[in-house]
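These notes are about the structure you will find just below.
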There are 2 protein chains.
Amino acid sequence: MAAERRRATIYDVAQAAGVSKSLVSLVLRGSPSVSTPRRAAVLAAIKELDYRPSQAATALAGGTSQTVGVVIDDYTNTWFVELLRGLQEGLASAGLRIAVSDRSLNTHIESDPLDGFLSTRVEALVLATEPTEAMRFSSQIPVIIAGNRATEVPGADITSSDDRLGARRAIEHLISLGHTQIGHIAGGGGASMQRIAGYQDAMKAAGLTERIVTVSELTTEDIGYQCTRQLLDEAPETTAILAGNDSMAMGAMGAAQEAGLLVPKDLSIIGYDNSPLSDTHLLQLTTVDSRNHALGLHAAEQVLSRLADPERTAQRVLLEPLLIERSTCAPVRNA
Amino acid sequence: MAAERRRATIYDVAQAAGVSKSLVSLVLRGSPSVSTPRRAAVLAAIKELDYRPSQAATALAGGTSQTVGVVIDDYTNTWFVELLRGLQEGLASAGLRIAVSDRSLNTHIESDPLDGFLSTRVEALVLATEPTEAMRFSSQIPVIIAGNRATEVPGADITSSDDRLGARRAIEHLISLGHTQIGHIAGGGGASMQRIAGYQDAMKAAGLTERIVTVSELTTEDIGYQCTRQLLDEAPETTAILAGNDSMAMGAMGAAQEAGLLVPKDLSIIGYDNSPLSDTHLLQLTTVDSRNHALGLHAAEQVLSRLADPERTAQRVLLEPLLIERSTCAPVRNA
DNA sequence: CTGAAAGCGCTTACAG
DNA sequence: CTGAAAGCGCTTACAG
C-alpha cells in the first residue's frame with residue numbers, strides 16, 4: 001500500500017535524480033550555483049517521489065525553525081484576522097511562516113502558549129494579547145508587541161495604533177454631532193486604558209462630564225451589553241456611547257434594542273477596531289479603524305529587522321487610526 | 001547577556017542533575033521506572049536551566065511529531081471555535097497537540113495548507129473545510145472529516161452533524177408556527193447541500209412551495225444579505241427564512257432591517273451552527289446547534305483510534321442536531 | 001538505573 | 001559540482 005511506503009528522504013531524491021545528496025540540499029535551499037539541467041532533474045525527482053523536506057530535520061540541522069509565533073487572545077473576537085494577514089504577507093518573502101496560538105483555548109490545559117513556541121524554537125514572538133509573566137521575561141527570543149498593552153516587556157519592539165488619539169477623535173465626532181451626554185464602556189488591558197484616556201482627553205477639553213462603565217476585564221459582546229445596561233440605568237440621559245471595541249459595541253446595540261432605544265436616532269454608538277463584525281449590513285457600525293493590516297505589516301518588518309540585527313535598540317511604531325463613519329451615529333435629538 | 005547564552009540541551013540537564021542523558025530522556029517521557037529522588041533532581045535541573053526539549057529533535061529522533069493538523073475555512077466565521085476546543089480536549093490526554101491552518105489566509109500564498117502539515121509530518125489531518133484535491137489523495141496520513149463535505153476523501157473517517165435532519169426540524173418548527181411561505185438562502189459545499197435537502201424534505205412533506213436562493217459558493221454575512229434581498233424581491237410574500245448558517249442569517253437580518261421588516265414580527269429567521277454570533281444579545285438568533293464541541297470530541301476519538309489501528313475500516317459518526325429557540329421566530333402574522 | 005552507540009533527515013563546511 | 005564527514009538534540013534499544 002502506498003500509505004505503508006517509507007517516506008522519501010533526500011537520499012531517495014538524490015538517487016532518483018542521479019546527483020549527490022548535497023546537490024539536492026542546494027536546490028531545496030534555492031542556491032543559484034546549480035546548473036539548470038541538474039536543478040530540473042532534482043525538481044522532477046522531488047515531484048515524482050512526492051518528496052517533502054522534514055521540517056523537524058531542517059530545523060534541527062539548520063538551527064532555525066523559520067517560524068514566528070503569534071499569540072492572540074481569543075478566536076471569537078476576529079479583529080486579529082487582518083493583523084495575521086498583514087504579518088503573513090510581511091513575513092512570507094523572508095521565508096518565515098506563522099504559527100498561531102490563542103490564550104482562551106490554552107487556559108484549559110494549564111500551559112502558557114509560550115511553552116509550545118519555545119519548544120518549537122520560534123525565531124520571534126508576536127504578542128497580540130496582554131503578555132503573561134512568562135512572556136515578559138522569556139528574553140530568549142525577540143518579542144514584538146502588536147497593539148497597546150498594559151504590561152511592558154523589557155526590550156520588546158512595539159507596533160501599535162494610537163488608541164488614545166482614536167478614542168479622542170471618536171468623541172470629537174460625537175461632540176460635533178451635538179452630543180454632550182457621552183458614556184464610555186470599557187474592559188481591561190492596554191488598549192482599553194489608552195482608549196479610556198482618549199475619551200477623557202476629549203471630554204475634558206469640551207468640559208463634559210465623564211461617565212465610564214467597566215464591569216470586567218473582558219471586552220466581549222456580553223460584557224458590552226452589561227456595561228450598557230448599567231450605563232443606561234445610571235444615566236438614562238445618555239445619548240451616545242463609545243465602546244471599547246466592536247464586540248462591546250454590538251453588545252451595546254443589543255442593550256439599546258432591549259431598552260427600546262433606536263440606534264442612531266435615540267442612541268449613537270461607536271465601536272473600535274473596524275473588525276469584520278462592524279462592517280456587516282445589520283450593524284453598519286461607525287468605528288475606529290485601528291489599521292490592523294498595516295499593524296501586521298509593520299510588526300513583520302520589526303521581526304525581520306530584529307532578526308537581522310539582534311542588538312538594535314527597541315523600536316516603536318505608532319499608526320494613526322481612522323474614524324470610519326457608517327450608520328450608528330446621528331445628531332443628538334434635541335440639539 | 002542571558003539572551004546570548006546557548007540554549008540548554010539534554011546534556012546540560014544531565015550534567016546539572018548528576019545523572020545520565022538517558023535518564024533525563026526517561027524523565028521527559030514520563031517513564032515510571034525512575035526513582036523519585038532522581039526524578040526530582042532532573043526536574044530541578046530542568047527548571048534551573050529553563051530547559052525545553054527541542055520539538056524538532058524530539059520529532060526527528062522519535063519519528064513522530066505528536067501533532068494533528070486542523071484545516072479550517074476562514075477565521076472570520078467562528079463556528080470552528082468550539083470544534084477546536086473539543087478536538088483539543090480529546091487529544092490532550094494522548095499528548096497530541098493541534099496546529100491550525102486556515103484556507104483563506106493561504107490563498108494569498110498559493111500553497112495548500114496541506115503542504116505545511118505534510119512537512120511537519122502531522123500524525124493526522126482533521127478537515128473542517130471542503131477538501132482540496134491534494135487533501136483527497138494525500139493518503140500518507142489518516143484524514144478525519146469534520147462536518148459534511150461535498151467531496152469524498154477515500155478512506156477518511158467522518159464525524160458530522162446530521163445537517164439534513166437539522167434543516168428539516170428547523171422548517172418543521174416554522175411550519176408549526178403557521179408559516180407557509182418559507183425561503184432558504186444557501187451557499188455551496190457539503191453542509192449546504194445537506195441543509196438544502198433537509199429544507200426540501202420538510203417543504204415537500206408539507207406540500208409547500210420551495211424557494212431556494214443561492215448567489216455564491218460562499219456563506220458569509222454579505223452573501224446572506226444578497227440572497228435575502230433577492231428572495232424578498234422575488235417573493236415578497238415570504239414570512240420565514242432558513243439561512244445556511246448563522247453568518248448568512250445575520251445578513252438576512254440586515255436585509256430585513258433595510259427592507260423595513262421587523263424580525264420576528266414580519267419575518268422569522270433561523271440560522272445554523274449555534275455559533276458565538278447567534279448567542280449575542282442583539283441577534284438572539286434561533287438556530288440549529290450542530291454540536292460543534294461534541295463534533296470535536298468525536299473527531300479526536302477517531303484520530304486516536306485510527307492512530308492505534310491504522311488498518312481499521314473508515315468510521316462514520318453522525319450527531320443529532322438540536323434546535324435552539326431564541327428570539328427570531330414568531331407565529332406567522334395572518335395565520 | 002548507566003553508558004556507549006546508532007540513528008532520525010537534514011545542513012554545513014571542506015577538500016577535491 | 002561531488003563525496004565523505006560531522007553535527008543538530010533528541011530517542012531507542014542494549015549490554016552491563
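Just so we're on the same page: letters track the sequence lines, and every chain starts at 1.
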side-chain hydrogen bond (donor to acceptor under 3.5 Å, both in side chains) involving A:S160 - partner list, sequence neighbours excluded: A:N148

Using atom names, set out every protein N or O paired with an N or O of nucleotides 5-8 of chain C below 3.5 Å, distance rounded to 0.1 Å.
| unit_1 | atom_1 | unit_2 | atom_2 | d |
| --- | --- | --- | --- | --- |
| C:dC8 | O2 | B:L60 | O | 3.4 |
| C:dC8 | O2 | B:A61 | N | 3.1 |

5' precedence on DNA chain C between B:G18 and B:R121 (nearest-nucleotide basis): B:G18

Interatomic distance where OH belongs to A:Y11 and C1' belongs to D:dG3 [whole Å]: 11 Å

Presence of A:S25 side-chain N/O under 4.0 Å of C:dT11 phosphate oxygens OP1/OP2: yes

Length of the CD1-P vector between B:I46 and D:dG9, whole Å: 16 Å

Shortest side-chain distance from A:L28, nucleotide among C:dT11, D:dT11, D:dT2: C:dT11

Whole angstrom value for the distance that separates C1' of C:dG9 from CD of A:Q15: 16 Å

Main-chain N/O of B:G90 paired to B:E301 side chain as donor or acceptor, under 3.5 Å: no

Base-pairing string, 5' to 3', of DNA chain D - Watson-Crick or wobble, under 3.5 Å, | interstrand: |||.||||||||.|||

Rounded distance in Å - CG (B:L23) to C1' (D:dT11): 14 Å

More than 12 heavy atoms of other groups within 6.0 Å of A:Q315 CD: yes

Below 4.0 Å: OP1/OP2 of D:dG9 and any side-chain N or O of B:S54: no

Residues which pass side chain to side chain contact (heavy atoms under 4.5 Å, CB included) with A:L297, listed by chain and number, not counting sequence neighbours: A:E89, A:H293

Separation of atom OH in A:Y51 from atom C1' in C:dC10, rounded to whole Å: 7 Å

B:T58, nearest nucleotide to its side chain (from C:dG3, D:dG3, D:dT11): D:dT11

Salt bridge (Lys or Arg N to Asp or Glu O under 4.0 Å) partners of B:R291, counting only residues at least two apart: none

A:A44: side chain to side chain contact (heavy atoms under 4.5 Å, CB included) partners, not counting sequence neighbours: none

Closest-nucleotide 5' rank along DNA chain C - winner of A:G63 and B:L26: B:L26

Residue list, salt bridge (Lys or Arg N to Asp or Glu O under 4.0 Å) with A:D12, at least two apart or on another chain: A:R6

Those residues that, when tested against B:R312, pass salt bridge (Lys or Arg N to Asp or Glu O under 4.0 Å) (two or more places apart): B:D157

Residues that A:R136 engages under salt bridge (Lys or Arg N to Asp or Glu O under 4.0 Å), provided they are two or more places apart: A:E133

Whole angstrom value for the distance that separates C1' of D:dT11 from CD of B:Q55: 15 Å

